[in-house]
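Below are the structure tokens for one structure; questions will follow.
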Amino acid sequence: MNQEDLYWFTFILVMLLGFFTYKLLTRHRSYFRLLRVPFEKPHFLYGNLDDVLSGKLTTMEKIEQFYRKFSTHRLFGFFNYMTPALYVRDPALIRQLLQPNMAYFESHGYFLDEQKDPFLGSQLHLVKGAEKASKVATFVTPIYRNPNNLSTMDGTAQKCCTALIDFITSRAELELELKAIFLKHTLNTFAGIAFGKELNTFQDDTDRFCAVASGMAYGTNPVQVIKTMAFYLVPGLMQTAGVQFTDRQEIEYLVSQYHKAASAPSTHSMARSLSEANEKLKTFLQLTDEQLTAQCAMFFTKGFEPTLNLLSFAAYELAQNPDVQGKLYDELVHHGLTKSNSSVPPKYESVRSLPYLEAIVLETLRKWPPHPLLVRECTKPFSIPAAENGDRASIPLRVGDKLYISVWALHRNGDHFPQPEQFNPERFMDGNAPQSNTFIPFGIGRGCAGQEFVKLLVKVTLVALVLRFKLQPGERTAEPLKLIESASSLEARDVPLVAQPCRFPFLRIQVPERDGVPGTMGWLDLVRVAPVRPEEQNAIEDRLNVGDTIIATLRENPTTYTDNKSCN
Ligand code: HEM
């Protein structure tokens, strides 16, 4: 071959390679056109992610923009690079697809399954096959949601809250990284609730359980990271070689923890409840000890991150909204929770039905849904009828096709939630309920198995905090909150806050009428006066005189204001 031939050969080879690469990249380009779903023409490299790659928007915000752009359609198409994603935007269609037709979409489309990991793969959210999934769900979900089981976990929640309060008290007045603190608190509580394990990671985090549980929650163990890559790249080879995702020794360790908890007569735990319920089943329906252990480990693999994030978001909003914090305190006063010894955190029973507290948790879940995206994989061929998809023709879905629902976009839609940026628990008060299927923080269909436990932990923790501290933004607190971008979870980058210790965190005060200026009601937090309307703050502070009466709603006896920076 002479030089000229070599030149042409190389030229043709490069052209062919370029052509086939282009064809490969754009092979899904007609996907939505063929389905007759509205979409925006994608760039052949980055699809519809232009604003995301240029840093203008996060992926969630970009999808939210598409939810608005296609506001007259029930579905739309989005190109994540060149991978097509079919988004369902109409709440009625979401319900239609995920409730009556759930059997066609029973997979959450997770990467892990029983073949890659028989241990984790037997967990409720990962188990494949409608029959198997329904068997596990029928067994596990009622146990997880049973109010009696929740009450028996009170002792654990109280102990863990005491450890949390003690830790914060020892560091009070400093700006604290609350997310990191909540991480330890969630680990302590879930270890106790799931495995009956008494941990206080504020004092000692060297217990083997901490490393195993954190590895499960975050998958950051380097061996797991390598295995994940290998499973993506060469799944067949990994299966032939019999490689499992979770380390065998870790499984055996967790099973031993399960046995301990299940046979401990005096400690209540999920392990014990599962074991007792399993013994009552007919033999052929019973789960193995390894499968039962996996259901307990679910607290870490499925529930840890969203719970930690929900706690962090709630604390952030309380700090940013002193009026909300004050109202919560008033509710605790009203229900007599401030009378008891505040060094003992409340029992779940006493806080579970407080309407304003419930509204705060729901509003946090609305504004910051820890699971911002629902994914459902089609497991049997299904056709979305024309009448339901609102377009001209039905949309045929094949096995493996995925449906996406942006919980974030639904919760931030001004038509469903006016002024969606505002943190306003009143949306959920006095019988105000969101339009159906527009508020889905725990999913739709079977929904989240752990939602009652999450509420237990979050409510008890928030009350324990507000009874002892005034949460305030610190110098490093970001406004607006900085988020970590991830497809599957919504996470604050950090949540630095000041937990101001206060014997009287919120005193309702009454400034008397003076010189023709009408009296005002407000809250005094010992550091500054936070009245009902922020613009009145200085006015009230200036007008407080020694001897003015503070109507201390948490104490029966009125307290006297002695100077303008402290009270007795
Ligand atoms: C704030 C905390 C939590 C949030 C926001 C949350 C949210 C969700 C959502 C949105 C789903 C549905 C996913 C889908 O349909 O694709 C789900 C499912 C599930 N969650 Fe949670 N979750 C939380 C905590 C927990 C905890 C603590 C557990 C502990 C066991 C848990 C266990 C599960 C399970 C097992 C499923 C699958 C249910 C099924 O397929 O039947 N979650 N969760």
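Ligands are counted one by one from 1 in listed order, and the atoms in each one are counted from 1 as well. Both backbone and side-chain heavy atoms feed into the values below; hydrogens, waters and symmetry mates do not.
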Close aromatic pair by centroid cut-off 6.0 Å: F119 and F245: no
Salt bridge present between R366 and E363 (N-O < 4.0 angstrom): yes
Validation row, ring centre F439 to ring centre F428 under 6.0 Å: yes
Closest protein heavy atom (residue, atom, distance) for atom 16 (O) of ligand 1: H108 ND1, 2.8 Å
Ring-face cation of R412 near W368 (centre distance under 6.0 Å, axis angle within 45°): yes
Charged N-O contact under 4.0 Å between K280 and E276: no
L310 and ligand 1 - part of the residue with a heavy-atom distance under 4.0 Å: side chain
Those atoms of ligand 1 less than 4.0 Å from some heavy atom in P441: 5 (C), 7 (C), 10 (C)
Heavy-atom neighbours of Q249 CD exceed 12 at 6.0 Å: no
Per-atom contacts, ligand 1 versus R376 - under 4.0 Å to a heavy atom: 14 (C), 15 (O), 16 (O)
Within 45° cone and under 6.0 Å: R427 NZ/CZ vs F417 ring: no
Centroid-centroid under 6.0 Å between F453 and F299 rings: yes
Residue pair Q295 / V136, side-chain heavy-atom distance below 4.5 Å: yes
Nearest-contact summary for atom 30 (C) of ligand 1 - protein heavy atom, Å: Y144 CE2, 3.1 Å
Heteroatom count (protein N, O or S) under 2.8 Å of atom 21 (Fe) of ligand 1: 1
Protein heavy atom at shortest distance from atom 41 (O) of ligand 1: R446 NE, 2.5 Å
E177 with K184: basic N within carboxylate O range, under 4.0 Å: no
Part of F190 within contact of ligand 1 (heavy atoms, under 4.0 Å): side chain
Atom indices of ligand 1, in the order listed, that fall short of 4.0 Å to a heavy atom of M298: 35 (C)
